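Below is one structure, written out as structure tokens; comments come after it.
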Amino acid sequence: MNRKHITRFDYLLILYFFTFLLSPSFAQKVTIPIATADHMFLLQTDNQNRLRTVYFGKPIENESEWESVSSLSKYDENNSGIYNNAYTPAGTWNLSDPAIQVKHADGNTSLELKYVSHKQEQLDGNVTLINILLKDPVYPFEVNLYYKVWKNENLVEQWVAIKHNESNPVLLQKYASANLFFSNKDFYLTSFQGEYLKEMQPIENKLEQGIKTIDSKLGTRAMLMQTPNFMISFGHPASETEGTVLLGQLAWSGSFKLDFEIDSNKNLRLITGINPFASEYSLAPNKTFTTPSLIYALSNNGVGEASRNLQDWARKYRVLDGQGERLTLLNNWEATYFDFNENKIVGLFKGAKDIGVDLFLLDDGWFGNKYPRNNDDAGLGDWQENKKKLPHGIGYLVKEAKKEGVKFGIWIEPEMVNPKSELYEKHLDWVIRQPQRPEIYYRNQMVLDLTNPEVQDFVFGIVDDLFVKNPELAFIKWDCNAVIFNAYSEYLHKQGIPQSNLYVDYVKGLYSVLERLRAKYPKVPMMLCSGGGGRADYEFLKYFTEFWPSDDTEPLERIFLQWNYSYFFPSITTDNHVTDWGKQPLKFRVDVASMGKLGFDIVTDHLSPKDRIFCKQAISNYQTFKNIVWHGNQYRLVDPYKNDIASIMYVTKDKSRAVVFNYLVNNRFNITATKRPVVFNGLDKNKKYSIKEINLYPDIPSTLEQNKVYSGDFLMKAGYNPDVNLKRTSVILEINEVK
Ligand code: GLA
């Protein structure tokens, strides 16, 4: 064709051809599966190369059909925006709540994230790590989305790494860990509210259009007031055995935010992460900011299965020594409070040995000289033995305990300081406080500034010093009884780092201390404690073997509390102590505390002769079934919120042994509890089992026919009546396979 003869039409044709060829809509869609055994998310690029969540449901087997999924949804996005972005940026096309919002080094506040590449690594037969790189086409700013998938446990851990190469720091104004999207008709959220002595109280709500926020702004801990644990039921509220459910937790030990948004199309957007409140994070060039993880277990068969998967995962992959042993103990806190001396403590060792526990735990009050720790308003921060109370030091106590045949453990609260302390006098600049304002205290104490490496060394040194001087020290109770008020760090100020880094760098500073401690002392069991409100999450539990769920040890309350914690945590991590709280008899208290890691906080000398016999017998029984409770499958059989009794069962993995705990939770006359059988779960229907009541109080025989044999089939269909009533308020059944 002669050039001269190219017509206008030809030009249009050529233009159209090149536009089409170069347009992103011509680009092949990329579909990335995030798949467990029974669930699948599909992420897919759109014609703008943005990544979207296009499917959540049962795994679609045929890979060639994955691409078609996105065309099934006909939402008009012109006016209402895109809701299903896999990590929604702010400042460009987005109209909804973002997952990430930044201010670039030049002050510009726009961000676009486009898919660049992804890789998938098979870590073993069960575990896959998927990594997706997104980049801003204009600024040198990138985000890496990580998905770690445990196929068999139907569990996903999701986090994000953010990096840039701009000329100066970028301000991260929001930086979520996860941005999930679910398309379904109805969603029910169970959140868990926390309060001192009332931790983990569940509240279930149907989610309606708008944003429901669960958050905390406490700085040092997550769980007082609200907790980062939640449950989503899809379609209708899930039960223990039915329904599709997600059990989730943001594994971050400071301020968090969970946003559940029902969008205008009635889909659920879930954005979770560190609370951006007062926490705009200044990120230096070429440094990586890694968010905490969102961890979630999924099930199509109810909450019970999701919990068992989460518990299995935690023991196998997450909790320090999750598949190991734990030490039973006697604690002196409620027995003595601050009022003790060397002789009194040594005198208690005998009692520990006598009832048969493994360890004696010396609680608060052992330190401080200029300001002795004789109550909670002085001494915190001065970690030297009080010479009056303990003239021969901790070493002497460790030795004396050993002579008596028990191990020795100790309480510390190393992140904190009382204004009445030598530490405060010497290192005011180490304390989080606003220098020009009156100080605000929580339990008469303040928080040390763990953003400061010197403070990190100090905290590391407290524990290190204890171990160096007392290599046989066998247990640490690490407490945390304050929150951050008057947030201000002298250290950050001196470094020229914005104060809004404080909340995040506090927690990261604490993790780095724990990292160092575990490098040097990998195995020593440590309890995570935070009397009011709890302190337990799966980032902390990388370093701790167990946690203290609440100061509330009233056994009736405790049944509910332990029930709620068990949705998220295996019983091996839950420290339950028998105390004098409540009106229930000793048997009831010991039985309840046995559903986890058993401990005592009583004066053993005050036990009546029969109580003493019972205690010893119960502890020796515990030794025989503790492994079923710690490592077995847990079934929440009868819900105390809806019934007159509570019933919880643990079964060994091979289904050969089980233990069932049953309690009366309603003391009204003529209740129906005793009239109905409890239907068991988790046994082998083809096996035969004997049932025997254990932990009987001296001279009170069981009303049950002992050692009668039943089939698993019968017990899981017709059930068994443990005969719980006003005279038998607590009944433990031991179930053994009969061959
Ligand atoms: C917190 C803990 C208690 C005890 C005291 C000591 O309240 O929860 O178990 O250790 O501190 O001060």
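Quick caveat, the model's predicted, so the values are computed rather than measured. Just so it is clear, the values below take in all heavy atoms, side chains as well, and ignore hydrogens, waters and symmetry mates. Numbers here are sequence positions counted from 1. First listed ligand is number 1; within each ligand, the first listed atom is number 1.
- Contacts between Cys529 and ligand 1 below 4.0 angstrom, taking non-hydrogen atoms only, involve the side chain exclusively.
- When non-hydrogen atoms are compared, ligand 1 lies under 4.0 Å from the side chain of Lys477 (C-beta onward) but not from its backbone.
- Pairs passing the salt bridge (charged side-chain N to carboxylate O under 4.0 Å, His left out) check and including a residue from residues 406-418, sequence neighbours excluded, read Glu415-Arg535.
- Using cut-offs of 30° and 60° on the angle between ring planes, the pair Tyr622 and Trp630 is perpendicular.
- Using modelled atom types, one finds no donor on one side chain facing an acceptor on the other under 3.5 Å when comparing Tyr396 with Glu385.
- Between the side chains of Lys420 and Asn444, no donor N or O sits under 3.5 Å from an acceptor N or O.
- At under 3.5 Å, not a single nitrogen or oxygen of Ser530, backbone or side chain, sits near a nitrogen or oxygen of ligand 1.
- Of all the heavy atoms of Asn331, none lies under 4.0 Å from any atom of ligand 1, so neither backbone nor side chain is involved.
- For Lys520 (side chain) and Asp464 (main-chain N/O), no donor-acceptor pair under 3.5 Å exists by modelled atom type.
- Listed by number with element, the atoms of ligand 1 under 4.0 angstrom from any heavy atom of Asp364 are 6 (C), 12 (O).
- Heavy atoms of Asp479 found under 4.0 angstrom from ligand 1 belong exclusively to the side chain.
- In this pair, Trp383 and Trp411 present their aromatic rings tilted. The plane angle is within the 30 to 60° band.
- Classified by interplanar angle (parallel below 30°, tilted 30° to 60°, perpendicular above 60°), the ring pair Tyr503/Phe277 is tilted.
- Some N or O of Asp363 is nearer than 3.5 Å to an N or O of ligand 1, by distance alone.
- Interface atoms of ligand 1 facing Trp548, defined by a heavy-atom separation under 4.0 Å, are 8 (O), 9 (O).
- In Arg443, the part holding a heavy atom less than 4.0 Å from any atom of ligand 1 is the side chain.
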